[in-house]
Amino acid sequence: MSSKDSVASMDRVVIFDTTLRDGEQSPGCSMNLGQKLRVAKALNELGVDVIEAGFAAASPGDLEAIQAVSREVPGPIVASLSRCNRGDIEASWTALRDAPRRRCHVFLATSPIHRDFKLKMAMEEIVKRAVDGVRLAREKFDDVEFSTEDAARTELPFLAEVVERTIEAGATTLNIPDTVGYALPQTYAETLSYLRQHVRGIDKVVMSVHCHNDLGLAVANSLAGVMVGARQVECTINGIGERAGNASLEEVVMALKTRQDVLGVRTGIHTEKLFPTSKLVSQVTGSYVQRNKAIVGQNAFAHEAGIHQHGMLTHRETYEIMRPEEVGFSRSSLVLGKHSGRHALKERLVSLGYKLDDAQLDRVFADFKVLADKKKEIYDADLEALVIHGQLLKGQQMWELAALSTTSGTGTLPAASIALTKAGGERFQAACGGDGPVDAVFKAIEQITGVAVRLRDYRIAAVTTGEDAQGEVSLEVEHESGVYRGRALSTDIIEGSARAFLDVVNRIALKSGPGGARSAQAMEEGTP
Ligand code: KIV
Ligand code: ZN
């Protein structure tokens, strides 16, 4: 494998994380610049080899985020997606020129359905456009990846032709995506094996897999690809991504690690960071991790049945194939309280996998003190929620809650009065009635901000047990510009609801503000 700068080898698989591109593209998962940077830094600590930080030509906001990751996250290769045209490739260059290690990722669809209905291009035109795209990218970049979008539904001889020609044109990584999650492990492995047998030069590049999860097979298909020689896996934290998502990074990595006996390969991932990274992504995107999700779900290491608990006590491996500590999941939940100092907090956070600098620790400590005044005992889950969800991650927000009061009760009309401050400091007030206090709060916020939404989902979950537990409020709403999710944490569920609603309003403001929306052209041509 001659891919310059690549760490792939016979027994080493490159982990290419696309949480910030394919993951962020999924409805309701958009992140602001500060959040993207925080996720990119966490991915660096996790040890991923490549961070696909965005699609530079899609919007000025994407370009700026890639640029920030290039400048502030040393270590991994930073990649930007591009269509096969000069404008996109130049946007990727502008975004990546400061990155110590950079990659241009160009793609073009190859399947008959995409050729005929989306691109309206004949086979020869596809080959030419792909070759030209790779050549253009190679004018600026040493490291160029080419993706044959919808490869899993492409005729094999034609796929082989495109792959061979783009390798000749200078691609250093060849990615074979199952864009619509259609493949089965066996058929996907056959596609890759066919390319290995029929494409001249394939052994000189890194073969990569990129699987979507429409049939729940993204991880299985990715592993099937590795078994027949793929040495790069494209994946996302928590498996977020278009529709049913992408292959989940934590599942791929732990399968490669736990079944090394069969697969015979390793990654550079520090697996004990998987759980904290999963939590971070879940919080910044507002997208829940299901309780029984493999590796990072709350129940992934819980043993309920008596017979299982007995087995665990006599010999852990009776029912556990991985140790929870290996993925950064801590069984202990040491308690801190109002008299605990900054040092105790720091120690506890380090043992949970969070290394904060002094300024960050100061902010978490301030939030911790406020919480400790309201709540007697503070558990690990409370601390994690504070780190990930508290002031630390907020950054610049369009709207902030200044004051709130509500009335409700049997025989009275529920009402809320609320004051918000807008970025810049101006204060606005409104009072509204509603079906209940939460409804009244939402109406008052809508009145002030002028953002009208339709509530699709509203949930409250206790972060820990006990009457004084913090409640985590999560919302999903529909707005004319798309679906958004918001979350907030509070010991008071009405205040938590107001903050979660403001989280949604701020996400909408971010998307529709300058540089937030994807370009009309990118929307029209569609990104995979
Ligand atoms: O799913 C897909 O085909 C993609 C490519 C751009 C790699 O995301
Ligand atoms: Zn994809």
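Since the structure is predicted, the reported quantities are computational estimates derived from the model, not experimental observations. Order of listing sets the numbers, starting from 1, for every ligand and every atom in it. Hydrogens, waters and symmetry mates play no part in the numbers below; they use all other heavy atoms, side chains included.
- Within the listing of ligand 1, atoms 7 (C) sit less than 4.0 angstrom from a heavy atom of Ser147.
- Atom-to-atom distance recorded for Asp17:CG and Asn246:CG is 9.5 Å, nearest 0.5 angstrom.
- Contacts of His212 with ligand 1, taken as heavy-atom pairs under 4.0 Å, involve the side chain alone.
- Not a single heavy atom of Glu242 sits closer than 4.0 Å to an atom of ligand 1.
- Heavy-atom contacts from other residues, nucleotides or ligands closer than 6.0 Å to CZ of Arg459 number 12 or fewer.
- Counting the atoms of ligand 1 from 1 in the order shown, those under 4.0 Å from a heavy atom of Asn175 are 7 (C).
- The nearest non-hydrogen atom to atom 3 (O) of ligand 1, considering only Asn246, Thr148, Thr179, Ile176, comes from Thr179.
- Polar contact with ligand 1: present for His210 (N/O pair, distance under 3.5 Å).
- Checked against Leu136 for a side-chain contact (heavy atoms from CB on, under 4.5 Å), the options Arg138, Glu139, Lys140 give a single hit: Glu139.
- A cation-pi arrangement is absent between Arg103 and Phe16, since the terminal nitrogen or guanidinium carbon is not both under 6.0 Å from the aromatic centre and inside a 45° cone about the axis.
- Every atom of ligand 1 with a heavy atom of Asp22 under 4.0 Å away is listed here by number and element: 8 (O).
- When the Zn ion (ligand 2) is compared with the N/O/S atoms of Asp22, atom OD2 turns out nearest.
- Taking all heavy atoms of Glu52, Glu149, Arg21 into account, the minimum distance to atom 8 (O) of ligand 1 is reached by Arg21.
- Contact of the Phe146 side chain with the Val162 side chain is registered, since non-hydrogen atoms from C-beta on lie closer than 4.5 Å.
- Between the side chain of Ser26 and the main chain of Asp22, no donor-acceptor pair closer than 3.5 Å is present.
- Electrostatic pairing of Arg101 and Asp142 does not count as a salt bridge here, judged by no charged N lying under 4.0 Å from a carboxylate O.
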